[in-house]
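Everything below concerns the one structure shown next.
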Amino acid sequence: MEFDLAPMCVAARAAAGQLAAMPTARKADGLRAAADMVRNRAAAILEANAQDMARAEQGGLTDALLDRLRLDTGRIDAMAQGIEAVAALADPVGQRIDRSERPNGLVLDRVRVPIGVIGIIFESRPNVTADAAALCVMAGNAAILRGGSEARASNAAIHLAFVTGLESAGLPRDAVQLVPTTDRAAVGAMLAAAGAIDLIVPRGGKSLVARVQADARVPVLAHLDGICHSYVDAAADPARARAIVVDAKLRRTGICGATETLLIDRALPDPYTIVAALLEAGCELRGDADAQAIDARIGVATAQDWDTEYLAPILSVAMVDGVGGAIAHIARHSSHHTDAIVTEDAATAERFLTDVDSAIVMWNASTQFADGGEFGLGAEIGIATGRLHARGPVALEGLTTYKWLVRGTGQVRG
């Protein structure tokens with residue numbers, strides 16, 4: 001079954017043109033109105049979410065996916081606060097990146113401009129509807145959203161509230177459109193829309209992201225896995241290490257910033273306290289032979305475990321030879337998302353920060369901080385693990401590109 005995306009793309013392009021020329025204050029007013037409308041329509045959003053939750057539970061969705069799908073009054077208010085936080089951010093559009101003057105007198109400016117039309121394909125998390133919409137609008141882009149079938153009622157309710165708020169403040173309703181079908185043909189249409197959609201951002205499971213990266217004819221900003229590591233160095237403070245590792249794994253197991261592999265320096269004086277804290281908190285541990293020797297409750301890790309994003313209270317554990325061993329293990333198995341070191345040795349930490357090739361590298365902090373809001377970006381449209389354009393949490397600046405402005409006084413090349 002084919003899906004005709006063209007009318008949505010035409011409307012989005014027109015809306016993007018309006019947004020690109022719109023003053024910051026007007027965009028911010030529109031977002032604040034959208035946030036107010038999300039709060040005002042909380043009851044309708046919760047009712048829609050209850051429908052989605054009932055279907056998802058009957059369909060056997062995992063606990064991690066159910067947690068991503070579930071809304072309550074607190075999460076709806078947090079969604080509205082996220083929209084308001086984006087409205088309060090500095091507008092990147094029109095910012096001068098740099099200026100230079102050529103020997104011939106030409107003055108060159110590079111300034112930030114919106115990308116244009118952004119396609120977001122996502123699963124499970126209905127809050128993405130609001131986060132992605134707010135970021136796109138504030139950065140001067142129009143958004144075409146395609147959510148997963150499991151959240152279709154929630155997404156529709158949030159989208160209706162958002163665009164009603166935008167429209168009440170005089171912004172174009174077509175600035176944020178929600179694809180009205182969850183048929184997979186709509187995804188194919190978006191991936192093939194070169195020239196009509198300028199950038200695709202997938203947010204979802206590995207199979208979705210893999211399909212997008214394989215099939216897209218449009219540039220893609222994405223990460224495939226969140227195989228994050230926490231390395232506890234011999235010079236780590238024991239209490240600090242224990243608290244960080246437990247939080248990094250168990251605060252929320254279903255997010256991409258959750259630690260999936262714990263690396264422990266063989267020279268750490270008392271690894272048992274960290275392992276015991278995880279086990280007592282209900283985490284299943286799978287380790288190499290040296291890790292299993294720490295506690296009989298640690299199961300056997302297979303080769304596959306080191307490359308698995310569990311999104312569950314399961315953690316693989318390996319003993320390594322110092323920071324060099326940790327860096328080598330991460331180089332073999334990391335998905336280049338987020339990796340952390342716990343140590344009181346600044347020189348060791350700086351080596352780790354420099355040598356680990358990931359989008360986010362941390363020292364003495366939980367990997368669960370891998371989040372646009374926690375980075376002061378207001379919200380994020382996703383985490384990017386590639387090396388082009390944007391990397392790590394992608395927010396307003398990552399949703400812009402730049403153009404050159406050249407000012408002359410009659411120069412000719414001749």
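Basis for what follows: all heavy atoms, side chains included, without hydrogens, waters or symmetry-related copies. If you're wondering where the values come from, they're calculated on a predicted model, not measured in any experiment.
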Regarding [X] and [Y], do their side chains bring together a donor and an acceptor under 3.5 Å, going by distance alone?
X      : Y      : answer
Asp305 : Ser316 : no
Gln81  : Asp77  : yes
Thr259 : Ser230 : yes

Legend entry - CD (Gln51) with more than 12 external heavy atoms under 6.0 Å: yes
Legend entry - Enclosure of Glu47 CD (heavy-atom neighbours >12, cutoff 6.0 Å): no
Inset, instruction - Output every pair passing side-chain hydrogen bond (donor to acceptor under 3.5 Å, both in side chains) with a member in residues 234-243, not counting sequence neighbours, ordered by first then second residue. - result: Arg240-Glu344
Inset, instruction - Starting from the C-alpha separation in whole Å, work towards a yes-or-no answer on side-chain contact (heavy atoms from CB on, under 4.5 Å) for His229 and Glu260. - result: CA-CA 6 Å; His229 298 74; Glu260 304 292 15; over 6 Å; no
Inset, instruction - Using the salt bridge (Lys or Arg N to Asp or Glu O under 4.0 Å) rule, take Arg407 and Asp109 through it: C-alpha gap first, then chi angles, then the decisive distance, then the call. - result: CA-CA 8 Å; Arg407 293 178 173 88; Asp109 288 319; 2.8 Å; yes
Legend entry - side-chain contact (heavy atoms from CB on, under 4.5 Å) partner of Leu135, chosen from Ile120, Asn141, Leu396: Leu396
Inset, instruction - Quick one: do Thr348 and Asp233 satisfy side-chain hydrogen bond (donor to acceptor under 3.5 Å, both in side chains)? Show the steps, please. - result: CA-CA 9 Å; Thr348 298; Asp233 184 61; 4.5 Å; no
Inset, instruction - Please check if the side chain of Glu374 supplies one atom and the backbone of Ala370 the other of a donor-acceptor pair under 3.5 Å. - result: no
Legend entry - Backbone of Ala56 reached by a side-chain donor or acceptor of Glu150 within 3.5 Å: no
Could you tell me whether [X] and [Y] make a salt bridge, using a distance below 4.0 angstrom between a side-chain N and a carboxylate O?
X      : Y      : answer
Lys206 : Asp225 : yes
Glu84  : Arg39  : yes
Asp357 : Arg391 : yes
Asp247 : Arg251 : no
Asp307 : Arg332 : no
Glu284 : Arg297 : no
Asp198 : Arg13  : yes
Asp52  : Arg55  : yes

Inset, instruction - Compare every heavy atom of Gly140 with every heavy atom of Leu19, then report the nearest pair and how far apart it is. - result: CB-O, 3.7 Å
Inset, instruction - Please lay out, stage by stage, how His329 and Thr261 fare under the test side-chain contact (heavy atoms from CB on, under 4.5 Å). - result: CA-CA 10 Å; His329 182 104; Thr261 296; 4.0 Å; yes
How long is the straight-line distance from [atom2] of [Y] back to [atom1] of [X], given to the nearest 0.5 Å?
X      : Y      : atom1 : atom2 : answer
Thr338 : His223 : OG1   : NE2   : 8.5 Å
Ile144 : Leu5   : CD1   : CG    : 5.0 Å
Thr253 : Glu309 : OG1   : CD    : 10.5 Å

Inset, instruction - Measure up the Tyr402 and Trp404 rings against each other and bin them: parallel (under 30°), tilted (30 to 60°), perpendicular (over 60°). - result: perpendicular
Inset, instruction - For the pair His333 and Trp306, name the ring-plane relationship: parallel under 30°, tilted 30 to 60°, perpendicular over 60°. - result: tilted
Inset, instruction - In sequence, state the C-alpha distance, the side-chain angles, and the governing distance for Asp63 and Arg252, and then conclude on salt bridge (Lys or Arg N to Asp or Glu O under 4.0 Å). - result: CA-CA 11 Å; Asp63 288 345; Arg252 287 186 68 185; over 6 Å; no
Legend entry - side chain to side chain contact (heavy atoms under 4.5 Å, CB included) partners for Leu208, two or more places apart: Ile121, Glu123, Val212
Legend entry - Evaluation steps, side-chain contact (heavy atoms from CB on, under 4.5 Å), between Thr164 and Arg173: CA-CA 7 Å; Thr164 300; Arg173 190 181 186 92; 4.1 Å; yes
Legend entry - Pair Glu380-Asp131, side-chain contact (heavy atoms from CB on, under 4.5 Å): steps then yes or no: CA-CA 7 Å; Glu380 68 179 40; Asp131 289 349; over 6 Å; no
Inset, instruction - Using the salt bridge (Lys or Arg N to Asp or Glu O under 4.0 Å) rule, take Asp183 and Arg152 through it: C-alpha gap first, then chi angles, then the decisive distance, then the call. - result: CA-CA 11 Å; Asp183 191 283; Arg152 61 182 179 271; over 6 Å; no
Inset, instruction - Evaluate the salt bridge (Lys or Arg N to Asp or Glu O under 4.0 Å) criterion for residues Asp29 and Arg26: first the C-alpha distance (whole Å), next the side-chain angles of each, then the deciding distance (0.1 Å), finally the verdict. - result: CA-CA 5 Å; Asp29 286 345; Arg26 279 196 63 195; over 6 Å; no
